[in-house]
Undergrad: 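The structure is given below, and queries will be raised subsequently.
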Amino acid sequence: MPSRIRPNVLQMEPYAPGKPISEVKRELGLDSIIKLASNENPLGPSPKAIAAVKQAANQLHIYPDGAAFDLKSAISDKFGISQGNVVVGNGSDELIHLLGMVFLGDRSDEIIVGKPSFVRYDAAADLVPCVRKAVPLTSDLRHDLPAMAKQVNDNTRLIFIANPNNPTATIVTKAEIASFLRDLPDHVVVVLDEAYFEFATTDTNYPDSRELVLDGQNVVGLRTFSKAYGLAGIRLGYGFAPRSICDAIERAREPFNTNHLAQVAAIAALADHQHVEATVQNNSQQMARLVQFLHDRHLRVIPSSANFMFTDLGQPAQPVFHGLLQQGVIVRSGEAFGLPTFLRISIGTPQEMDQFETAFDNVVGNLKQHVGSKSAQEVKR
Ligand SMILES: Cc1ncc(COP(=O)(O)O)c(C=O)c1O
């Protein structure tokens, strides 16, 4: 008898991450490749985290602390929130998945997401029976909170807001989120995904999910060690939530969902203020430079509150993406996000941004020449 995989699983697309460096090296035979495609930390991991991992390696034969007590207590101390309001996961990806498991599962359950927004919200919904409502962003590529509010009904379980949003890097403000929450019925849980929190906090209008949870709002805040802390490879995400939601996630998660090396790395990274500061500083300097570079080329730049930039090339981005790849620069084309003229560029080191700028001018210059000679031929014909 053939196996009976659930049809909604077969309809899902496997996650397509930014191309790994090793794959591009193999495919194109290039030596020097830079990856500005997954919003990672260009300065690398926190040195304190590396030291902690090295030291913990001789404990690998022992199961990790499934409750992640030391890590939760470090998070609780650092952010001034009780351990009962903290959850940790194998990346915030896992926490997104767990929120889907905890809140969705009936055909009538509804979830509201922005379009485009972080793709893992779609996956959390598509894995289980429920209705996913995707609300287009505004013309300035921000979450359209009033339009999202209009989609709320008795069946709404979850609303996901990436703040800053991925791929657009835009934010919703403190005032906007306060008014949105004020009008929501009690049964709706709002997830504020703050994966890029450390880069966004320079803006005084940027809301903090932790404060909303402390204030008793029906809000889950998600954060990660993958971005400003430079630990994407080890997988550690955390969240703040009302106790009842933390308790539900504790019941639903795997017994050892965060591993020992990830826990010790995260504890060390939390205390490495210097590394986070250097990361944020590099980001704002190289961001300013990239904005200038793109403005000089008369391109529309979406104001970014994260460690990546979304820009409209005014022409299909896919050929530019492929051209940059040939030059050893990996970025993301907006094609995947339904915005085919946009490019998403992660902020790198000064040297990486040098390489990006040179490659970009080569590629866009070549494409222009190509289009120019093509239209000349067309005129001749
Ligand atoms: C908005 C957003 N949320 C969550 C994640 C996932 O982060 P993690 O590495 O913690 O799973 C990302 C990663 O790119 C993201 O952009």
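We count ligands from 1, going down the list as the structure has it; atoms in each ligand are counted the same way.
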Undergrad: Any N/O of Arg235 closer than 3.5 Å to an N/O of ligand 1?
TA: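 Yes; the residue has a nitrogen or oxygen that sits under 3.5 Å from a nitrogen or oxygen of the ligand.
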
Undergrad: Quick one: does Asp193 get a heavy atom under 4.0 Å from ligand 1?
TA: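 It does, in that a heavy atom of Asp193 comes within the 4.0 Å cut-off of ligand 1.
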
Undergrad: Would you say the side-chain atoms of Ser305 and Asp203 include a donor-acceptor pair closer than 3.5 Å?
TA: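 There is no such pair between these side chains.
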
Undergrad: May I ask you to check if ligand 1 and Tyr121 share an N or O to N or O distance below 3.5 Å?
TA: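 So ligand 1 has no N or O lying under 3.5 Å from an N or O of Tyr121.
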
Undergrad: Assess the pair Tyr238 and Phe225: is the distance between their ring centroids shorter than 6.0 Å?
TA: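 Centroid distance Tyr238-Phe225: below 6.0 Å, so yes.
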
Undergrad: Arg120: heavy atom below 4.0 Å from ligand 1, yes or no?
TA: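 For ligand 1, residue contact (heavy atoms, under 4.0 Å) with Arg120 is absent.
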
Undergrad: Is Phe225 near ligand 1, meaning one of its heavy atoms is under 4.0 Å from it?
TA: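 Contact absent.
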
Undergrad: Identify which of Ile161, Asn165, Val191, Thr224 has a heavy atom lying nearest to atom 10 (O) of ligand 1.
TA: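 Residue with the shortest heavy-atom distance to the ligand atom: Thr224.
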
Undergrad: Looking only at side-chain N and O atoms, does Asn165 offer a donor or acceptor that is under 3.5 Å from a partner on Thr168?
TA: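 Yes, side-chain donor-acceptor contact under 3.5 Å.
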
Undergrad: On the 0 to 90° scale, with breaks at 30° and 60°, tag the Phe310-Phe342 ring pair as parallel, tilted or perpendicular.
TA: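 Judged by the thresholds at 30° and 60°, the geometry between Phe310 and Phe342 is parallel.
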
Undergrad: I'd like to check which ligand 1 atoms, numbered from 1 as shown, lie under 4.0 Å from a non-hydrogen atom of Lys227.
TA: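 Answer, ordered by atom number: 13 (C), 14 (O).
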
Undergrad: Looking only at protein heavy atoms, which one is nearest to atom 12 (C) of ligand 1, and how far off is it?
TA: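 Its nearest protein heavy-atom neighbour is Phe118 CZ, 3.4 Å.
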
Undergrad: Any side-chain donor-acceptor pair under 3.5 Å between Asn153 and Glu110?
TA: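 Yes, side-chain donor-acceptor contact under 3.5 Å.
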
Undergrad: Within the 3.5 Å criterion, strictly below it, is a donor on Asn257 or Glu94 matched to an acceptor on the partner's side chain?
TA: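 Asn257 vs Glu94: donor-acceptor pair found between side chains.
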
Undergrad: Considering the heavy atoms of Gly91, write down every atom of ligand 1 situated less than 4.0 Å from one of them.
TA: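 Within the 4.0 Å cut-off of Gly91, ligand 1 contributes 10 (O), 11 (O).
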
Undergrad: For ligand 1, does Ser92 get within less than 4.0 Å through its side chain, its backbone, both, or neither, judged by non-hydrogen atoms?
TA: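 Both of them.
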
Undergrad: Tell me whether Arg223 is salt-bridged to Asp193, with the criterion being a basic N under 4.0 Å from an acidic carboxylate O.
TA: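 Asp193 and Arg223: not salt-bridged.
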
Undergrad: Only heavy atoms of Asp93, strictly under 4.0 Å: list the atoms of ligand 1 that pass.
TA: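 Near Asp93, the atoms of ligand 1 are 6 (C), 11 (O).
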
Undergrad: Do Gln292 and Arg289 have a side chain donor and acceptor closer than 3.5 Å?
TA: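 Side-chain D/A pair, Gln292 to Arg289: absent.
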
Undergrad: Could you tell me which atoms of ligand 1, counted from 1 in the order shown, lie closer than 4.0 angstrom to a heavy atom of Ser226?
TA: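 Per the distance check, 8 (P), 9 (O), 10 (O).
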
